[in-house]
There are 2 protein chains.
Amino acid sequence: MTDSPTSSAPTDIRGPRLHGVYDALRAAVLSGEIRPGEGISETRVAARYGVSRTPVREAFRRLADEGFLRIVPQVGTFVAPIQLGAVSDSQFIRETLECRTVRLAAERAAAADVASLTRLLDSHRAVMSPDRHSEFFALDEATHAELARIAGRPAVWDLLVAVKAQLDRVRFLSLHSEGWAAKIVGEHQSIVDRVAARDPDGAEEAMRAHLRTVFAAVDEIARTNSHFFET
Amino acid sequence: MTDSPTSSAPTDIRGPRLHGVYDALRAAVLSGEIRPGEGISETRVAARYGVSRTPVREAFRRLADEGFLRIVPQVGTFVAPIQLGAVSDSQFIRETLECRTVRLAAERAAAADVASLTRLLDSHRAVMSPDRHSEFFALDEATHAELARIAGRPAVWDLLVAVKAQLDRVRFLSLHSEGWAAKIVGEHQSIVDRVAARDPDGAEEAMRAHLRTVFAAVDEIARTNSHFFET
DNA sequence: GATGGCATACTAGTATGCAAGTTGCCGCGA
DNA sequence: TCGCGGCAACTTGCATACTAGTATGCCATC
C-alpha cells in the first residue's frame with residue numbers, strides 16, 4: 001500500500017468500454033432517440049454494444065445520478081421524464097451563477113481575454129448555418145466557459161455543465177427557428193462588449209437578457225412537447 | 001462517525017449493502033479517520049465489510065464523483081487531498097446561491113415561515129453545549145435548508161449539500177472554539193430578523209456576513225492543517 | 001556498489017453465474 | 001364474461017472468476 005499521495009493527474013480515464021456506452025446512451029437520451037418513460041435493460045444494452053453488464057451498470061448508475069435515468073430495483077430502468085421543476089431550478093441556478101461570474105469577468109478581463117472572446121465570436125459567426133448546428137452549440141458552450149475562466153472561476157462552469165443537463169434535454173427537442181443563431185451571437189456580442197468595456201453592471205444585464213432569451217425558448221418547447229414532461 | 005452531515009440527499013432506495021458501505025466510507029473520509037493520500041482497495045474494503053467487490057465499486061465511484069476519492073486505473077484508489085481551489089470554489093458558489101435565495105426568502109416569507117424559522121432558532125439555542133455538536137450541526141443545516149424552501153428553491157439547497165462537501169471536510173478538522181456556537185446562532189438570528197422584516201437587502205447582507213464568518217474559520221483551519229491539503 | 005531487466009504481487013476493469021423480487025400473461029373456475 | 005390464482009419470464013442486486021496493466025523488489029550483470 002503506497003501512501004504516495006496523488007502522483008498522477010489523470011483521474012477520469014476509465015476503461016473505454018464504460019465511456020463508449022455512457023456517451024452513446026447519454027446522446028441517445030439527450031437527442032430523444034430513447035424517449036422518456038421508455039424502459040431499457042442492462043442485458044439488452046450490453047448485448048447491443050457487445051460488452052458485459054458491468055460497464056453498462058456503471059453507465060446506468062452515472063446517468064441516473066445525472067437525472068437521465070430512473071433505476072427501479074428488481075423492476076427495470078427507465079428514461080426519466082423531463083421534470084419541469086428541475087428545469088426551472090436549472091434556470092435559476094444558471095442565471096444566479098452566470099450573472100455573478102460575468103460581473104467578475106468584466107472586472108478582471110485583460111486585453112488577451114477580450115481578444116480570446118472576440119476570436120470565439122468570430123468562430124461562432126462562421127458556423128451559423130443550420131447544418132453546422134453541433135459546432136454552433138459547442139462554441140456557445142465554449143464562450144460561456146471562457147467567461148467563467150476569465151472570472152477566475154472555471155469550476156463554476158464545470159458545475160453548470162452538470163446542472164444544465166436537464167435544460168439541454170429540452171433544447172434538443174426543437175430545431176431552432178430561422179433567426180435563432182443570429183440572435184444568440186448578437187447577445188453574446190453584447191456581453192463581450194460590456195466585458196471589454198469593464199462594465200460589470202452592463203455585463204450582468206446583458207447576460208441576464210441572454211439567459212432569459214434561452215429560457216423563454218425552453219418554456220416554449222416545454223409547452224409544445226408536454227407529453228415528454230412530468231410536473 | 002455518528003451522523004454524516006448529510007447522508008446523501010438523492011432519493012435512492014438501492015440495496016442496503018451499497019448504502020452501508022457508502023455511508024461508512026464517506027463518514028470515515030469526512031472525519032479524517034482515513035487520511036488524504038491514504039490508499040484503500042476494493043478487495044480489502046469488501047472483506048472488511050463482508051460484501052463483494054461490486055457494491056464497494058459503486059460506492060467508490062460515487063465517492064470519487066463527489067471528490068472524496070481518486071481512482072487511478074490499475075494502480076489503486078486513494079483518499080483525495082483537500083484541494084484549496086475546490087474549497088474556494090465551494091465558498092464562491094455557496095455565497096452566490098445563498099445570498100440570492102435568502103433575498104427571495106425575505107420577499108416571499110409568510111407568517112408561518114417566520115414561525116418555522118423561529119422554532120429552528122429556539123431548537124438551535126437548546127443544543128449549544130459542546131457535547132451536542134452533531135445536533136448543532138444538523139440544525140445549522142436545517143436552517144439553511146428551510147430558507148431555501150421558503151425561497152421556493154429547495155433544490156438549490158440539495159445542490160449546495162453536494163457542493164459543500166469539500167467545505168465540510170475542512171470543518172471536521174477542527175473543534176470549534178468557545179464562543180463559536182453563540183456566534184453562529186446570533187448570525188442566524190440576524191438573518192431571520194431581516195427575513196421577518198421582509199428586507200431583502202438586509203437579509204442578503206446578513207447572510208453574506210454569516211458565510212464570511214464560516215469561510216474565515218475554514219481558511220484558519222486550512223492554514224493550521226496544511227498537510228492535509230494540496231494547492 | 002550501482003544499474004538494468006525481469007518475475008511477482010498487487011491493482012482496477014470486465015465477464016458471468018446466481019439470487020431475490022416484480023410484472024404480466026394465461027388458464028381455470030365461477 | 002369476469003375475476004382470480006399461479007406460473008413464467010423478465011428485471012436488477014450481488015458474488016465470484018478471470019483479464020490486463022502497473023509498481024516494486026529481487027537478482028544478475030557491469
Side-chain angles (χ1 to χ4, degrees), chain A residues 1-25 28-29 34-81, chain B residues 8 10-25 29 34-80:
Chain A
M1 186 58 35
T2 63
D3 269 7
S4 75
T6 75
S7 50
S8 71
T11 58
D12 224 9
I13 313 178
R14 320 288 274 275
R17 291 180 183 79
L18 169 59
H19 261 77
V21 175
Y22 170 81
D23 289 341
L25 285 176
V29 172
I34 320 178
R35 307 171 74 153
E38 201 168 331
I40 58 182
S41 98
E42 295 176 357
T43 312
R44 281 203 306 276
V45 172
R48 167 163 180 178
Y49 291 96
V51 298
S52 81
R53 281 179 54 210
T54 307
V56 174
R57 271 181 68 76
E58 291 213 14
F60 273 30
R61 200 58 225 202
R62 210 182 190 93
L63 290 164
D65 284 345
E66 294 181 84
F68 290 120
L69 300 182
R70 184 169 296 178
I71 300 174
V72 184
Q74 268 70 42
V75 175
T77 298
F78 309 88
V79 176
Chain B
S8 133
T11 66
D12 213 8
I13 318 172
R14 317 291 290 271
R17 291 179 185 79
L18 170 59
H19 261 78
V21 174
Y22 170 82
D23 288 340
L25 285 176
V29 172
I34 319 179
R35 305 169 69 140
E38 201 168 331
I40 58 182
S41 97
E42 295 177 356
T43 312
R44 281 203 310 278
V45 172
R48 167 163 178 179
Y49 290 96
V51 299
S52 81
R53 278 181 57 209
T54 308
V56 174
R57 272 181 67 76
E58 295 210 8
F60 273 31
R61 192 192 65 71
R62 207 187 187 95
L63 290 164
D65 283 345
E66 295 181 81
F68 290 120
L69 300 181
R70 184 170 296 180
I71 301 173
V72 184
Q74 320 303 343
V75 174
T77 297
F78 308 89
V79 176

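Keep in mind the model is a prediction, meaning the values are calculated, not measured. Each chain gets a letter, A, B and so on, in the order its sequence line appears, and its residues count up from 1.
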Novice: Could you state the atom-to-atom distance from OH of Y49(A) to P of dT14(C) in whole Å?
Specialist: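 Computing the Y49(A):OH to dT14(C):P distance gives 16 Å.
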
Novice: Please give, in whole Å, the distance from dG13(D) P to E58(B) CD?
Specialist: 7 Å

Novice: Check R61(B) with D65(A), please: is the shortest side-chain N to carboxylate O separation under 4.0 Å?
Specialist: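 Between R61(B) and D65(A) there is a salt bridge, with a charged N closer than 4.0 Å to a carboxylate O.
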
Novice: May I have the distance from R57(A) (atom CZ) to dG17(C) (atom C1'), rounded to whole angstrom?
Specialist: 14 Å

Novice: What is the distance from atom CZ of R44(A) to atom OG1 of T77(A), rounded to the nearest 0.5 Å?
Specialist: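 Spacing of CZ (R44(A)) from OG1 (T77(A)) equals 10.0 Å.
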
Novice: Just to verify, what does R48(B) make a side-chain contact (heavy atoms from CB on, under 4.5 Å) with, not counting sequence neighbours?
Specialist: E33(B)

Novice: Taking only residues two or more places apart in sequence, or in another chain, which ones meet E66(A) in a side-chain hydrogen bond (donor to acceptor under 3.5 Å, both in side chains)?
Specialist: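 Per chain and number, E66(A) pairs via side-chain hydrogen bond (donor to acceptor under 3.5 Å, both in side chains) with Y22(A), R26(A).
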
Novice: Nearest-Å distance, CD1 (I71(A)) to C1' (dT22(C))?
Specialist: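 These atoms are roughly 16 Å apart.
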
Novice: Separation of R70(B) atom CZ from dA12(C) atom P, in whole Å?
Specialist: 15 Å

Novice: Can you tell me how far the CG atom of L63(B) sits from the CD1 atom of I40(B), to the nearest 0.5 Å?
Specialist: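 These two atoms lie 7.5 Å from each other.
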
Novice: Would you kindly give the CZ-to-C1' distance between R53(B) and dA17(D), to the nearest whole Å?
Specialist: 10 Å

Novice: Figure out the CZ/C1' separation between F78(B) and dT22(D), and round it to whole Å.
Specialist: 11 Å

Novice: Quick one: is dA15(C) close enough that its OP1 or OP2 comes under 4.0 Å of any side-chain N or O from S52(A)?
Specialist: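 Yes.
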
Novice: Identify all pairs in which a protein N or O lies below 3.5 Å from an N or O of nucleotides 7-11 of chain D, and state each distance.
Specialist:
from: dT11(D); atom 1: OP1; to: S41(A); atom 2: OG; distance (Å): 3.2
from: dT11(D); atom 1: OP1; to: R44(A); atom 2: NH1; distance (Å): 2.8

Novice: Is there a side-chain polar atom (N or O) of T54(B) under 4.0 Å from OP1 or OP2 of dC14(D)?
Specialist: no

Novice: Write down the atom of V79(B), the atom of R35(B), and the distance for their closest heavy-atom approach.
Specialist: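 Looks like CB-O, 3.5 Å.
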
